[in-house]
Amino acid sequence: MKILVVDDFSTMRRIVKNLLRDLGFSNTVEADDGKTALPILEKGGIDFLVTDWNMPGMTGIDLLKAVRANPKLVDLPVLMVTAEAKKEQIVMAAQAGVNGYVIKPFTAATLKEKIEKIFERIEG
Amino acid sequence: MANDIRLALAKDLVSALEQGNEAAADTVLDEIAGLRETQLFQEIGRLTRQLHDSMSGFSLDKKITVMTENDIPDAKERLQYVITMTEQAADKTLTVVENLLPVSQELNDEVEHLSEKWGRFLDKEMPFEEFKNMSAEITNHFHGTKNSIQQVQQGLNEILMAQSFQDITGQVIKRVIDLVQNLETSMVGLISIAGGKKTGADFTNEPELPGPVVPGVDDKEVGDVATSQDDVDDLLSSLGF
């Protein structure tokens, strides 16, 4: 299981990476915005995407749309971890095909719960 | 220039009158009246322009009023939130460290105590009764260590999570910087207008991506934002998630 973590704040990438390691996912790669994330995804081999929304260059929502528009990536599970909390934004992310939405600041338990839920749904 | 023309026309008028040339005198008088009208129109034009500039100045002024009334108090609350968040993170980290230091000290003391005994056992200086006691102590130590290490790991995770303030506060501070820049732009705009150079540039106060919800600032309008993960979950499940 290889996970791509996308956030423009390196502190947040480190936190998410460490939490993922704690949950048993130690194979992670990082990108600091959608622009750098997309080539990594297109190269293949990523099983799960965790992305922030507000990033310079290419935002998380645009990354999500690009992922869903790519036949190779259309089924990639995507978890959005963001400070964006407007209801219309959450609805927009849902319509764009996000698999889970976590708002910052979040707890380790919330992240764990959402990731497990996504995997349950994929396996089930 | 205008004076030269008027003087020339006046001289023409005097000479025409002296010569008794009525027709020529009338022509000169018409010319003087025409000149007068042109100047009047120019002056009206100038005043209109000034009025227009002042009006645009007023609308810019209104933006500054909005900023002073809403955005600056907002910015103060946002910065206050930054203080609260950084304080919480520091507090949490310090508390965990303070709780873990004795745990680590206790482990250290036990290891020292046991390794001293273990050394005597290896040197064959330990009576059997004491060896039996040491075995029990070592068993206890293993149990205790397992618990202590779990505590340490949990504490380390808490310290890790406490660092998430940096992302949130970074976003909040960026927003305040944007506000200060906007304020600066409109002040420069106002000064330019006062100097009669140009009209102020337009700007928007509301960023495209609102970012972190600052309690007391962004949650004023009920129902607009999700203030907790539960809100998000409810909204998503109402959408069939």
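Every chain is numbered from 1, with letters handed out A, B, ... down the list of sequences.
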* **Heavy-atom contact with chain B under 4.5 Å, split by part of A:D8** => side chain

* To do: Would you mind telling me which of A:V102, A:T107, A:D7, A:T110 has the largest number of heavy-atom pairs within less than 4.5 Å of chain B?
  => A:V102

* Interface residues of residues 154-164 of chain B facing chain A - heavy atom cut-off under 4.5 Å -> B:N157, B:L160, B:M161, B:Q163, B:S164

* **Nearest heavy-atom neighbours spanning A:P105 and B:I168** => N-CD1, 3.8 Å

* To do: Take atom CD of A:E42 as the centre, draw a 6.0 Å sphere, and report whether it contains more than 12 heavy atoms from other residues, nucleotides or ligands.
  => yes

* State, with a plain yes or no, whether a side-chain heavy atom of A:I103 is found less than 4.5 Å away from one of B:V232. => yes

* To do: Working to the nearest 0.5 Å, report the span between CG of B:D233 and OH of A:Y101.
  => 12.0 Å

* Structure fact -> Between A:K87 and B:V225, the two heavy atoms sitting closest are CE-O, 3.8 Å

* To do: Considering only heavy atoms and a distance below 4.5 Å, find which of B:P212, B:G240, B:G223, B:G211 pairs most often with chain A.
  => B:G211

* Asked: Who in residues 15-31 of chain A is close to chain B, using a strict under-4.5 Å heavy-atom cut-off?
  -> A:I15, A:N18, A:L19, A:D22

* Among the options A:R14, A:E88, A:K114, A:Q95, pick out the one with the most heavy-atom pairs lying under 4.5 Å from chain B. => A:K114

* Segment of A:Q89 engaging chain B (4.5 angstrom heavy-atom cut-off) -> side chain

* **Passing candidate, salt bridge (charged side-chain N to carboxylate O under 4.0 Å, His left out) with A:K86, options B:D224, B:D218, B:D219** => B:D224

* Can you establish whether the number of heavy atoms outside B:K117 located under 6.0 Å from its atom NZ is more than 12? => yes

* Residue selection (most heavy-atom pairs with chain A, distance under 4.5 Å) from B:Q166, B:Q153, B:Q171 -> B:Q166

* CE-CZ distance between A:M12 and B:F165, expressed to the nearest 0.5 angstrom -> 10.5 Å

* Asked: Which one, A:I90, A:V98, A:V91, leads in non-hydrogen pairs under 4.5 Å with chain B?
  -> A:I90

